[in-house]
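Read through the structure below, which is laid out as structure tokens, and then see the notes.
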Amino acid sequence: IGLIPSERSEEVDLVFQIKDYYTTHKRPGDIWRVIPCKWWLKWIEYSKKTGVPPPGVIDYSGLILKKQTSWLQYFSNNVHLGEDIVRLKLDLQENKDFILVPDIVARGLAYWYGEQQIVPLPVKVIASGKNLEIEVYPVTIVFQIVPPWEGRTRVEYASFPFSKVTTLGEVKRKACFQIGIPSTRARLWKVEDNNAETNLESELDSTLEEIGIMEGQNIILERQNKD
């Protein structure tokens, strides 16, 4: 929907037709985006009434956390990996703070009105059990990267969001890739509430949802010796 409709009133009709279609035809992996409710309501009013000022560029500042450090700063900045992650505030409510729209709608609105340079990460449709849902808040895992078990000390922390339907094996592969070690030379341990550590290597085929990995879960990533 890159072309600008000839009449402002046509914008709302076009956007809602596309939004309704994608709502009833969700597929796993489909990309959706968040639009600030405040801007959305101004846009609707502008499209339907005369004499109303335009909504301006899409402003996400009320939805996102302040700019964060890249997800991994390894060994006190000697190695800097990954890209800056723009995350949503955790206390936001759909239809009060933000509206979910298909990616094509968000890109169309941005083309018509412009948007801030800092844009929240897209969200995806996932299959959770028998249901399809739009996962607004992926699970953020906090990794504790440590040397081999014998005489180990905590080395560094890293955090990264994963969909709750991601398998633990895929989480391990991605984390090890970013750190720069083979996944075959690493082990994962779940830090329990009582600080006990549970080996997760037998759970690599299970999803985060299936094994109960929640937001902010601490997982030890233990680097092993070559031998």
Any donor and acceptor pair, going by atom type alone, linking the side chain of [X] with main-chain N or O of [Y] inside 3.5 Å?
X	Y	result
K172	E201	no
Y113	P54	no
Q116	Y60	yes
T207	E210	yes
T23	K19	yes
W39	G56	yes
E215	T140	yes
Q217	V191	yes
K124	W32	no
D97	Q93	yes

Can you confirm whether [X] sits close enough to [Y] that some side-chain heavy atom of one is under 4.5 Å from a side-chain heavy atom of the other?
X	Y	result
L168	L188	yes
K174	F160	no
I219	L200	yes
L208	I141	yes
R33	V119	yes

Task: Worked check of side-chain contact (heavy atoms from CB on, under 4.5 Å) between I58 and W43 - done: CA-CA 10 Å; I58 304 174; W43 164 71; over 6 Å; no
Task: R107/E115 under salt bridge (charged side-chain N to carboxylate O under 4.0 Å, His left out): CA gap, chis, key distance, verdict - done: CA-CA 10 Å; R107 287 189 284 111; E115 64 181 352; over 6 Å; no
TODO: Only one of E197, Q144, E222 passes side chain to side chain donor-acceptor pair (under 3.5 Å) with W189; say which it is.
DONE: E222
Task: Lys/Arg-Asp/Glu bridge criterion (N-O < 4.0 Å) met for E170, R173 - done: yes
Open item on the list: Between the side chains of E133 and K164, is the shortest nitrogen-to-carboxylate-oxygen separation below 4.0 Å, so that they form an ion pair?
Closed with: yes
- [ ] Tell me yes or no: between the side chains of W112 and E11, is some donor less than 3.5 Å from an acceptor?
- [x] no
- [ ] Indicate, with yes or no, if the rings of F16 and W40 have centres closer together than 6.0 Å.
- [x] yes
Open item on the list: What verdict does the side-chain contact (heavy atoms from CB on, under 4.5 Å) test give for E94 and I99, after you've listed the backbone C-alpha separation in whole Å, the side-chain angles of each residue and the deciding distance to 0.1 Å?
Closed with: CA-CA 6 Å; E94 185 180 357; I99 299 292; 6.0 Å; no
